[in-house]
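Each remark here refers to the structure printed beneath this line.
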Amino acid sequence: MSLASLPLQTGMDAIVTGVNLVWVLTVTFLIFFMHAGFAMLEAGQVRSKNVANQLTKNLLTWSVGVIVFFLVGAAVSTIVGGLTGGGGVSITEAFMAIYAPDAASVTAWTDWLFGAVFAMTAATIVSGAVAGRAKLRAYISYTILLAAVIYPVVVGFTWAGGFLGAMGFHDFAGGMIVHGMGGLAGLTAAWIIGPRMDRFNADGSVNVIPGHSLSFAVLGTLILAFGWYGFNVGTAAAPLALNDAGEVTLGSFAYVGRVALVTTLGMAAGAIGAAAVAMQKTGKVDTLYVANGLLAGLVGITSIADAIVWPGAIVVGLLAGAQLPIVFGFIEKRLHIDDVCAVFPVHGSAGILGALMFPFFATSFWNGSASFVSLAIPQVVGVAVIALWTFGATYVVFRGIQATGELRVSAEHEREGLDTSEHGVDTYPEFGKPEPVTDGSGVPVDGTVRTDGGKDE
């Protein structure tokens, strides 16, 4: 008997809506937890004297950015989508749909929050590129503008119905819109702010400045990989549906399962690709390259995970991982840009690669329903537009901050470390300095050890 004939039909509809909303919130929280991964990954790749600064930037990226995105950015994406997509838009209605949605729109605020965690992921990527020398106020200023305008414009062009979306640009879960955009912004910012002290010699040769904790970096990598299932699988489909007959049906879990499979294969292949190239270049398997290669594989697959044949996931993942050591070396040795946490090869070039590889492995191409050219043109145009907008906007903002003299910390503060100069803390107080002790009078005596009633040893 069909549920349509039962008096519980309205109640069943409410159940379906409720389950689906809980699903969206659950994957939203999973994506939010990626900030823990970013915090650990970036903290592990900076020097011990800059750890608190990096952690603070991650905390404030979310705290400041999510409020700005709520107040301004979400509506801006709707406005840009309407203006560039030819549909028209009311500016007042765009803002009121966020501040005071119609009571009948039970998903409005849930949808906003789902969009917000994507926005904040794009924002936090930049902090890893300028680590160790950017003033906190400069970074937060850029975060405000990214959350209010720069990222929302990209969303407006694409997901919010703008001209790139209308022409068929395909980005399933933000491989280019979120990660590619963040990586390009990070590279631009790192170029403008300049390298860390002693990173390059006068002859152009490179000095390696290792991060302080490989363990943190790997932990952060695995947390990010876990949260990435929220990115991709969470975007795929809602768990339940109500058909025209009033019957409750499962969502397309064959489709969801394929997204999970493609995400997993791309992730694994990325780590292998980076390990192989690192081995070929140096004769050793660099652990940090493996970790970042895993992330590059995830970035590469994120924009296309919903609509490619599964062997493509392995190919794209391998290429995304393999390009990481090559692109990082080019940026470091040829361009002399100090991208501390390798945000461009992990997020930028991997995101671009994934978006451009879509026509080669699209299911619509392999089943004959779409031509290669019809799939390739929107991808090339989309990548170019997003890259140009991101570079231009980031360039203007960082040059503007630089002109005020507020972009970079002083040489003295950089040597001392940003933990002390920017925050007045020492992340590891028990290391590196003698622990102050007292002689009973309350006066600190540095470098002494009391073991026998007060005598210095």
Stepwise, does the side chain to side chain donor-acceptor pair (under 3.5 Å) test hold for Y151 with S77? CA-CA 8 Å; Y151 173 78; S77 65; over 6 Å; no

Non-hydrogen side-chain atoms of [X] and [Y] separated by less than 4.5 Å:
X    : Y    : result
F157 : V80  : yes
L324 : V277 : no
V24  : T28  : yes
Y395 : W191 : yes
L353 : L319 : yes
W228 : M34  : yes
K57  : F38  : no
S127 : Q54  : yes

Name all residues meeting the side-chain contact (heavy atoms from CB on, under 4.5 Å) criterion together with [X]; count only those two or more places apart in sequence or in a different chain, and write none if there are none.
X    : answer
I67  : L71
L83  : I79, V89
A276 : none

Can you tell me how the ring of [X] sits relative to the ring of [Y], calling it parallel under 30°, perpendicular over 60° and tilted otherwise?
X    : Y    : value
F118 : F114 : perpendicular
H347 : H179 : parallel
F70  : W112 : perpendicular
H212 : F216 : perpendicular

Determine the minimum heavy-atom distance between [X] and [Y], stating which atoms define it.
X    : Y    : result
F172 : A305 : CD2-CB, 4.2 Å
A185 : Y142 : CB-OH, 3.3 Å
V343 : G186 : CG2-CA, 4.1 Å
A147 : M120 : CB-CE, 4.0 Å
G132 : N50  : CA-ND2, 3.7 Å
A94  : A75  : O-CB, 3.7 Å

With distance as the sole test, does [X] use its side chain to make a donor-acceptor pair with the main-chain N or O of [Y] at under 3.5 Å?
X    : Y    : answer
D286 : A278 : no
R133 : V409 : no
R408 : I193 : yes
Q45  : G211 : no
S374 : S371 : yes
Q379 : M357 : no
S369 : S364 : yes
D338 : R196 : yes
N232 : T263 : no
E422 : D419 : no

Roughly how far, to the nearest 0.5 Å, is the [atom2] atom of [Y] from the [atom1] atom of [X]?
X    : Y    : atom1 : atom2 : answer
L145 : I401 : CG    : CD1   : 7.0 Å
T158 : L164 : OG1   : CG    : 6.5 Å
H35  : I223 : NE2   : CD1   : 13.0 Å
F344 : T188 : CZ    : OG1   : 8.5 Å
T143 : I150 : OG1   : CD1   : 9.5 Å
I177 : D171 : CD1   : CG    : 4.0 Å

Just wondering, are more than 12 heavy atoms of other shown residues or ligands nearer than 6.0 Å to [atom1] in [X]?
X    : atom1 : result
E93  : CD    : no
F95  : CZ    : yes
I91  : CD1   : no
Y255 : OH    : yes

Begin with the C-alpha distance, continue with both residues' side-chain angles, and end with the deciding distance and a verdict on side-chain contact (heavy atoms from CB on, under 4.5 Å) for T78 and I98. CA-CA 10 Å; T78 301; I98 302 297; 5.8 Å; no

Residue pair Y139, T61: steps toward the side-chain contact (heavy atoms from CB on, under 4.5 Å) verdict: CA-CA 9 Å; Y139 172 74; T61 296; 2.5 Å; yes

Side chain to side chain donor-acceptor pair (under 3.5 Å) assessment of N53 paired with H423: CA-CA 7 Å; N53 178 256; H423 309 285; 3.0 Å; yes

Take Y289 and K284 through the side-chain contact (heavy atoms from CB on, under 4.5 Å) test and state the conclusion after the steps. CA-CA 11 Å; Y289 273 146; K284 300 186 187 324; over 6 Å; no

Verdict with reasoning, T110 to T107, per side chain to side chain donor-acceptor pair (under 3.5 Å): CA-CA 5 Å; T110 304; T107 66; over 6 Å; no

So that I know where these two stand, are W62 and F32 an aromatic pair - ring centroids less than 6.0 Å apart? yes

Run the side-chain contact (heavy atoms from CB on, under 4.5 Å) check on L298 and L224 step by step: do they pass? CA-CA 10 Å; L298 282 165; L224 282 168; over 6 Å; no

